[in-house]
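Below is one structure, written out as structure tokens; comments come after it.
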There are 2 protein chains.
Amino acid sequence: MTKVKRDMTKSVPAYQRIKNAILDNIHSGKWQAGEAISTEMTLAEEFGVSRMTVNRALKELSEERVLERRQGSGTFVAQQQFNHTFVEVRNIAQDLRSAKRDYQAQVVSKRTITVSMLDDEMRRKFDIEEVAVSSHSKSAASKKINNPETAVLYEVKIIHFADGLPIQFEERWVDANKIPEFIEQDFSEVNTSEYLIAKSPLERGSYTIRALAAPNEIAEALQIAPQSPTLVLCRQTFSAGQVLTFVKMWHAGERYQFSGEL
Amino acid sequence: MTKVKRDMTKSVPAYQRIKNAILDNIHSGKWQAGEAISTEMTLAEEFGVSRMTVNRALKELSEERVLERRQGSGTFVAQQQFNHTFVEVRNIAQDLRSAKRDYQAQVVSKRTITVSMLDDEMRRKFDIEEVAVSSHSKSAASKKINNPETAVLYEVKIIHFADGLPIQFEERWVDANKIPEFIEQDFSEVNTSEYLIAKSPLERGSYTIRALAAPNEIAEALQIAPQSPTLVLCRQTFSAGQVLTFVKMWHAGERYQFSGEL
DNA sequence: TAGTGGTCTAGACCACGTT
DNA sequence: ACGTGGTCTAGACCACTAA
């Protein structure tokens with residue numbers, strides 16, 4: 001009885017070789033979009049591997065949107081969706097430091113916002129409700145505040161510089177009840193995102209990317225003309241089911257872009 | 001000897017239950033970022049499953065950047081990178097149609113560009129080199145053209161409307177030698193992206209997102225004031241190792257945004 | 001009902017890090 | 001040397017789809 005001996009000395013794993021072979025067939029045009037490809041069993045025999053190995057290759061390719069799998073039906077070449085563009089926006093401080101550029105942050109303002117100071121935009125964002133006497137609230141999830149002088153939000157505004165040039169104007173609001181000590185930090189030294197991530201487990205978030213005309217305050221901070229185009233990334237992140245922080249990041253249109261590979 | 005009987009009637013797969021349990025431990029703060037978690041063997045025993053099942057759960061969580069795995073060392077809770085924002089930009093025609101909004105495309109111009117008409121930006125983008133007599137080329141990969149009247153690029157400009165309002169101005173250039181029949185299409189009926197994808201296998205691409213002031217031509221097409229902020233997505237896609245198409249998509253800043261969930 | 005993919009097992013060998 | 005994760009197997013049962 002011979003021991004089971006497989007060739008696992010290969011530097012390239014079997015599932016990767018199978019993936020490459022399939023990609024070659026698609027790129028060469030041999031397998032057209034929408035067509036069915038061989039079954040797992042067939043491929044396993046052809047490549048001399050077990051079905052699980054083929055399964056891994058096909059599963060990964062379908063996660064990469066190259067294939068589409070339909071249980072009970074088969075595996076198909078996906079309609080290639082090169083219309084989709086995926087953008088990854090990273091932490092600006094980390095990025096600039098790793099790009100070996102001189103990075104600096106300047107705190108422009110820092111304040112505590114009470115219920116009575118709150119504007120409607122932030123009231124909605126953070127779902128805060130001021131409870132007047134004998135009023136009854138509609139939303140069970142919203143935060144109800146009785147004392148109008150209660151601190152509810154922290155606001156900080158920070159200019160981020162790369163090689164001495166202002167590259168981003170950050171406006172951030174944070175739920176004061178969730179991270180009471182937030183406002184005490186020195187954000188010329190500690191990055192706001194990194195601080196929040198370290199303090200609180202973040203669960204999910206949503207964002208928007210827009211092109212907006214720079215208001216005076218922001219134009220001045222970024223050293224550009226008022227009303228110049230700016231690239232604005234807004235993001236809100238949730239912790240324990242509620243908005244923990246909301247941030248608007250303004251970038252000078254001529255000096256900044258998001259980019260990447262498909 | 002009893003047959004192997006496992007409970008696979010569960011609607012929730014075992015690997016998913018393990019993933020959920022791990023996520024709970026992280027979100028509750030029980031497992032802190034950077035800490036090592038139990039080994040695959042240990043988790044397999046605890047959950048009463050095979051090591052392969054645990055492996056799948058941990059592999060997926062590390063692909064989702066929740067965990068970090070280091071061969072020979074262990075599995076660790078990742079430093080949660082909620083700084084990263086992933087944006088997915090989709091095909092505008094498909095999106096508007098699926099949003100049940102009235103979609104329309106208007107072809108503004110359509111022309112063939114010869115070598116002699118080529119500007120430097122496109123020359124570089126498509127890596128086209130005009131070969132004069134007795135000149136020697138630097139790049140082996142670049143396309144060398146002898147006759148200055150050879151058609152090298154197609155250019156189309158299209159306005160995309162949603163509910164009658166101009167939502168995107170598309171400027172597209174396509175390698176005329178790769179898809180000679182491109183220019184004959186009626187792009188008020190056929191989407192350029194969809195057409196190219198159907199015609200040629202696309203391999204990869206790169207893109208940038210910027211905020212730019214609208215030039216007169218584009219401001220007029222989008223019915224906004226000249227110099228207004230626009231959100232511009234540029235994308236080039238490769239086929240057979242060369243640039244197949246380059247597209248600039250201009251969006252009115254006030255009317256359009258990219259958005260999504262983290 | 002036959003055939004497909006989805007999941008799972010109990011074991012194996014390998015590559016890598018730490019000790 | 002030992003323990004970790006990375007990969008792979010040969011087989012199994014289940015869920016779904018199509019004929």
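A note on names: the letters A, B, ... follow the listed sequences, proteins ahead of strands, and every chain is numbered from 1.
A pairwise comparison of heavy atoms in B:Glu181 and B:Gln185 identifies O-NE2, 2.9 Å as the closest pair.
Each of A:Asn55 and A:Gly72 lies near DNA chain C, and the nucleotide nearest A:Gly72 is the one positioned closer to the 5' end. With DNA chain D read from its 5' end, the first of the two nearest nucleotides for A:Gln71 and A:Thr53 is the one closest to A:Thr53. Looking at which nucleotide of DNA chain C each of A:Glu40 and B:Gly48 is closest to, the 5′-most match is held by A:Glu40.
For the pair B:Leu43 CG and C:dT9 P, the computed distance is 13 Å after rounding to whole Å. Between B:Glu45 atom CD and C:dT9 atom C1' there is a gap of 15 Å when expressed in whole angstrom units.
OP1 or OP2 of D:dT7 lies within a sub-4.0 Å distance of a side-chain N or O belonging to A:Tyr15. Regarding contacts with the backbone of C:dG6, a side-chain N or O of A:Arg69 is found under 4.0 angstrom from either OP1 or OP2.
Ring orientation note: the planes of B:Tyr256 and B:His251 are close to parallel, at an angle under 30° on the 30°/60° scale. Between B:Tyr103 and B:His160, the ring-plane angle classifies as parallel under the 30° and 60° cut-offs.
Each of B:Leu244, B:Asp175, B:Leu196 was compared with B:Phe182 under the side-chain contact (heavy atoms from CB on, under 4.5 Å) criterion, and only B:Leu196 meets it.
For A:Arg51, the listed nucleotide lying nearest its side chain is D:dC13; candidates were C:dC13, D:dC16, D:dC13.
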